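Below is one structure, written out as structure tokens; the observations come after it.
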Number of protein chains: 2
Amino acid sequence: MTNRATAPKTPEDENDEPHIEIGGMRIDILEGAFSYYIRSLDAVVSRDLDRRMADLEVAKGKGKITTLFLVDDYPGVRPSQIADVLMRDRPATGRIIDRLVAAGDIRRETSPEDQRAQALYITDKGHALAEKVRGIIRAQEAEFFDFIAPEDRDQFMQMLKRVYLNMRAKWD
Amino acid sequence: MTNRATAPKTPEDENDEPHIEIGGMRIDILEGAFSYYIRSLDAVVSRDLDRRMADLEVAKGKGKITTLFLVDDYPGVRPSQIADVLMRDRPATGRIIDRLVAAGDIRRETSPEDQRAQALYITDKGHALAEKVRGIIRAQEAEFFDFIAPEDRDQFMQMLKRVYLNMRAKWD
DNA sequence: CAAAATAATTGTATTTTGCAACTTTTTCTT
DNA sequence: AAGAAAAAGTTGCAAAATACAATTATTTTG
């Protein structure tokens with residue numbers, strides 16, 4: 001570090017990371033907040049995904065894609081299991097299922113073992129949809145996230161997984 | 001690990017990263033998708049933040065917090081500048097401003113230099129609110145994100161910033 | 001001076017979301 | 001075995017957000 005005649009005004013002036021500025025403005029305390037980056041990334045990613053799925057009846061909102069995949073992969077899965085994966089409450093999950101049922105993508109049956117519970121099954125139409133959605137997810141990962149440098153990808157993915165799992169653990 | 005007579009069924013079985021399972025279920029292709037983790041993290045983080053701010057009239061939705069801080073820090077800032085930071089369109093930004101004005105947190109004036117544009121200013125009430133929100137953000141970072149291991153924090157923050165900046169660059 | 005660009009608003013339509021209250025069926029307790 | 005507690009889902013409600021297209025007013029450009 002070079003000589004500096006005066007003391008830094010703030011501790012941050014000591015390190016070499018430049019501040020984040022947008023149009024010449026700083027973002028206050030949000031610059032150091034995990035929540036800011038997570039929420040900002042989400043907004044843009046989700047918007048992009050919505051556009052890609054605009055005509056697919058599972059567009060918009062979080063949970064429909066995961067639900068579709070779970071029902072496709074685990075015939076007979078129950079809404080409460082899905083709610084657990086989604087970290088959502090039952091009403092929210094129930095409504096996601098309502099929509100998929102209404103669209104004819106999945107089927108509801110009463111579970112034979114537990115009359116309170118339901119067993120969900122994919123339909124042919126739903127299975128085809130799931131395949132299409134897989135294609136869209138793959139495309140987004142390749143096209144949208146191309147701004148993540150190749151050498152960063154693995155590290156970022158690993159961090160995300162770790163944080164995600166820790167958050168789940170806290171949640172449960 | 002016990003002896004394995006047969007070849008692994010999938011390439012993934014070769015490496016040592018365990019698959020992510022929730023309640024015994026895998027999440028299909030989403031397991032390798034950036035979007036899944038970003039969207040899941042966002043949902044839980046945003047819900048937590050909403051609860052913390054439930055009675056603060058800036059609760060819910062993305063953008064109000066950033067807007068409040070920008071107006072607090074940059075008197076005379078214009079809606080279009082805010083929209084740029086938020087990566088939102090003008091109608092969305094305008095409505096965020098509407099609500100803050102209605103709540104008496106900020107004030108709209110016509111910009112002297114450009115009659116089309118507005119200049120926004122914080123009110124005393126809004127400034128007090130901004131201070132409260134700063135406290136909440138700090139509290140959430142400390143309390144909610146305690147699940148991020150201390151040794152991961154810097155690295156995760158750095159990755160998030162890098163990805164965020166690259167995404168912005170792509171967006172512009 | 002007319003045309004194009006820019007700032008912001010309005011209108012509209014579609015959804016989400018979270019919470020609380022309620023029904024039905026199982027499971028637990030004593 | 002009976003009553004209480006827990007669990008699975010549903011319904012109702014209230015509050016908003018979101019995106020997109022079209023419109024008004026003001027500047028800038030050619």
Side-chain angles (χ1 to χ4, degrees), chain A residues 23 39-40 42-67 76-103 106 108-120, chain B residues 23 39 42-67 76-84 86-103 106 108-120:
Chain A
R39 283 156 55 91
S40 300
D42 169 76
V44 181
V45 170
S46 292
R47 192 173 352 174
D48 178 76
L49 193 53
D50 279 352
R51 291 211 190 109
R52 288 172 188 269
M53 309 216 303
D55 47 346
L56 279 198
E57 91 201 342
V58 273
K60 288 220 158 180
K62 288 165 190 153
K64 286 197 273 244
I65 295 173
T66 308
T67 300
V77 65
R78 305 191 313 184
S80 58
Q81 294 178 281
I82 294 175
D84 181 40
V85 174
L86 298 181
M87 298 184 279
R88 284 278 181 63
D89 65 7
R90 273 189 249 284
T93 307
R95 272 160 186 150
I96 289 170
I97 293 169
D98 285 345
R99 259 169 257 136
L100 290 173
V101 169
I106 68 180
R108 262 195 256 246
E109 286 181 21
T110 300
S111 167
E113 306 113 37
D114 187 338
Q115 303 284 109
R116 294 171 300 183
Q118 303 172 349
L120 305 174
Chain B
R39 283 157 54 91
D42 169 75
V44 181
V45 170
S46 292
R47 191 172 357 177
D48 177 77
L49 193 53
D50 278 352
R51 289 210 193 108
R52 289 171 188 269
M53 307 214 305
D55 47 346
L56 279 198
E57 90 200 344
V58 272
K60 290 221 158 180
K62 289 165 189 152
K64 285 197 273 243
I65 295 173
T66 308
T67 301
V77 65
R78 306 190 312 184
S80 58
Q81 293 179 281
I82 294 175
D84 181 40
L86 299 181
M87 297 182 281
R88 285 277 182 62
D89 64 7
R90 273 192 254 281
T93 307
R95 271 157 186 153
I96 289 170
I97 293 169
D98 285 346
R99 257 170 255 134
L100 290 173
V101 168
I106 67 179
R108 263 196 255 245
E109 286 180 21
T110 300
S111 167
E113 306 113 37
D114 186 338
Q115 302 285 110
R116 295 171 299 182
Q118 302 173 351
L120 304 173

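Quick note: numbers below take in every heavy atom, side chains included, and nothing from hydrogens, waters or symmetry partners. All values reported here derive from a predicted model rather than from experimental measurement. Lettering follows sequence order; numbering is per chain, from 1.
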More 5' along DNA chain C: B:Gly94 or A:Glu113, using each one's nearest nucleotide? B:Gly94
Polar pair under 3.5 Å, donor/acceptor by atom type, side chain A:Arg95, base D:dG12: yes
Using a cut-off of 4.0 Å on non-hydrogen atoms, how would the nucleic acid contact of B:Ala92 be classed: base, sugar-phosphate, or nothing? nothing
Which whole-number value in Å describes the distance from B:Asp48 CG to C:dG18 P? 12 Å
So A:Arg78, base contact, sugar-phosphate only, or nothing? Heavy-atom distance under 4.0 Å. sugar-phosphate
Is B:Ser80 close enough to C:dA8 that one of its side-chain N or O atoms is under 4.0 Å from OP1 or OP2 there? yes
With salt bridge (Lys or Arg N to Asp or Glu O under 4.0 Å) as the test, would you mind laying out the steps for B:Asp89 and B:Arg95 before giving the verdict? CA-CA 10 Å; B:Asp89 64 7; B:Arg95 271 157 186 153; over 6 Å; no
When every non-hydrogen atom of A:Leu100 is compared with those of A:Lys64, the smallest separation belongs to CD1-O, 4.2 Å
What is the distance, to the nearest angstrom, from the CZ atom on A:Arg90 to the P atom on C:dT17? 18 Å
Of B:Pro79 and A:Ile96, the one whose nearest nucleotide on DNA chain C sits closer to the 5' end is B:Pro79
Quick one: which of D:dC20, D:dA16, C:dC19 gets closest to the side chain of B:Arg99? D:dA16
Whether B:Lys64 contacts D:dA16 is assessed here as follows: a side-chain N or O lying under 4.0 Å from the phosphate OP1 or OP2. Is that the case? no
How long is the gap from OG1 on B:Thr67 to CG on B:Leu86, to the nearest 0.5 Å? 4.5 Å
Students often get this wrong, so: under 4.0 angstrom with heavy atoms, is A:Asp50 touching a base, only sugar-phosphate, or nothing? nothing
Separation of D:dT10 atom C1' from A:Ile82 atom CD1, nearest Å, is 16 Å
B:Arg108 CZ to C:dT9 C1', in whole Å, measures 9 Å
When both distances are under 3.5 Å in a Watson-Crick or G-U wobble arrangement, the nucleotide paired with D:dA21 is C:dT10
Rounded interatomic separation in angstrom, taking CD from B:Gln115 and C1' from D:dT24: 15 Å
Side-chain touch B:Lys62/B:Asp42, heavy atoms, less than 4.5 angstrom: yes
A:Gln118 side chain, from C-beta outward: closest of D:dT26, D:dA19, D:dG9: D:dG9
Output the distance between atom CD1 (A:Ile97) and atom CZ (A:Arg78), rounded to the nearest 0.5 Å. 11.5 Å
What integer distance in Å separates B:Asp84:CG from C:dA8:C1'? 15 Å
Is there a donor on the side chain of A:Arg116 or the base of C:dT24 sitting less than 3.5 Å from an acceptor on the other? no
One should read off an interatomic distance between A:Ile65 CD1 and A:Met53 CE, to the nearest 0.5 angstrom, of 3.5 Å
Could you tell me the separation between the CG atom of B:Asp42 and the P atom of D:dA17, rounded to a whole number of Å? 15 Å
Whole-Å distance separating the CG atom of B:Leu86 from the C1' atom of D:dA17: 14 Å
Identify whether any heavy atom of A:Asp98 sits under 4.0 Å from a base atom; if not, whether one sits that close to sugar-phosphate; answer base, sugar-phosphate or nothing. nothing
